[in-house]
Amino acid sequence: MKIKDGYVLREVAGNWIVLPLASETVNFSGMLTLNNSGVVLWRLLEQGASKDRLVKALTDEYEVSLEQAASDVDSFINKLINTGCVEE
C-alpha cells in the first residue's frame with residue numbers, strides 16, 4: 001500500500017495535516033489531520049510499507065499490544081481509503 005502522488009503531509013501551526021496538490025483537490029473532501037502515530041504510519045506508507053510493517057512500527061514506537069496496533073492500523077488505512085489518499 002502506498003500514498004498516492006498528489007498528497008503531501010505538512011506541519012501547520014503545530015498540527016500535521018494532509019494536503020492535496022493540484023488535480024487531487026477535486027477528489028479530496030475535508031481536511032485530514034494526523035496525530036503523531038498517524039505521521040509515523042503516513043511516512044511509512046510514502047515508502048510503500050506493508051500492513052505488517054505498519055503494525056511493527058507502532059509496537060516498536062509505542063507501548064501498545066500487537067492486537068491494538070493492528071486495529072489502529074486498520075482504522076487508519078480505512079480512513080485513508082475513504083479519502084482516496086492511498087493506492088492498494
Side-chain angles (χ1 to χ4, degrees):
M1 184 164 296
K2 188 169 175 127
I3 300 296
K4 284 184 183 177
D5 290 338
Y7 292 94
V8 294
L9 179 64
R10 295 287 185 257
E11 185 177 13
V12 178
N15 296 305
W16 288 97
I17 61 170
V18 173
L19 299 170
L21 301 176
S23 64
E24 293 302 326
T25 58
V26 172
N27 301 322
F28 191 75
S29 60
M31 182 189 309
L32 187 57
T33 304
L34 303 182
N35 60 18
N36 290 338
S37 59
V39 172
V40 167
L41 297 176
W42 179 275
R43 293 215 166 118
L44 289 169
L45 285 169
E46 287 178 322
Q47 302 168 21
S50 68
K51 180 181 173 185
D52 289 341
R53 176 66 184 103
L54 299 175
V55 170
K56 182 171 180 354
L58 288 185
T59 58
D60 288 350
E61 185 74 22
Y62 302 99
E63 291 183 24
V64 61
S65 70
L66 187 62
E67 294 79 17
Q68 184 62 53
S71 175
D72 291 348
V73 166
D74 285 339
S75 294
F76 184 73
I77 289 171
N78 286 333
K79 183 182 286 189
L80 295 181
I81 288 170
N82 290 336
T83 59
C85 296
V86 292
E87 300 171 344
E88 294 186 65

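Quick note: numbers below take in every heavy atom, side chains included, and nothing from hydrogens, waters or symmetry partners.
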Output a table of donor-acceptor pairs, distance under 3.5 Å, between side-chain atoms of residues 34-43 and any protein atom two or more places apart or on a different chain; print 'none' if there are none.
{"residue": "Asn35", "atom": "OD1", "partner": "Ser37", "partner atom": "N", "Å": "3.2"}
{"residue": "Asn35", "atom": "OD1", "partner": "Ser37", "partner atom": "OG", "Å": "3.0"}
{"residue": "Asn35", "atom": "OD1", "partner": "Gly38", "partner atom": "N", "Å": "2.8"}
{"residue": "Trp42", "atom": "NE1", "partner": "Glu46", "partner atom": "OE2", "Å": "3.1"}

What side-chain donor-acceptor pairs closer than 3.5 Å can you find for residues 8-19, not counting sequence neighbours?
none

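To the nearest 0.5 Å, atoms CG (Asp5) and CG (Leu21) are separated by 9.5 Å. For the atom pair OG1 (Thr83) and NZ (Lys4), the distance works out to 9.0 Å, reported to the nearest 0.5 Å.
Among residues two or more places apart in sequence or in another chain, the salt bridge (charged side-chain N to carboxylate O under 4.0 Å, His left out) test is passed with Lys2 by none. Applying the side-chain contact (heavy atoms from CB on, under 4.5 Å) rule to Leu66 yields the partners Val55, Thr59; only residues at least two apart in sequence or on another chain are considered. Judged as a side-chain contact (heavy atoms from CB on, under 4.5 Å), and not counting sequence neighbours, the contacts of Ser65 are Glu67, Gln68. Scanning for salt bridge (charged side-chain N to carboxylate O under 4.0 Å, His left out) contacts around Lys79 gives an empty result, with sequence neighbours left out.
Closest approach of Cys85 and Leu32 over heavy atoms only: SG-CD2, 4.4 Å. Residues Val64 and Ala69 come closest through the heavy atom pair CG2-N, 3.9 Å.
Put simply, the side chain of Asp74 reaches to within 4.5 Å of the side chain of Lys51, judged on heavy atoms. Counting heavy atoms from C-beta on, the side chains of Phe76 and Leu45 come closer than 4.5 Å.
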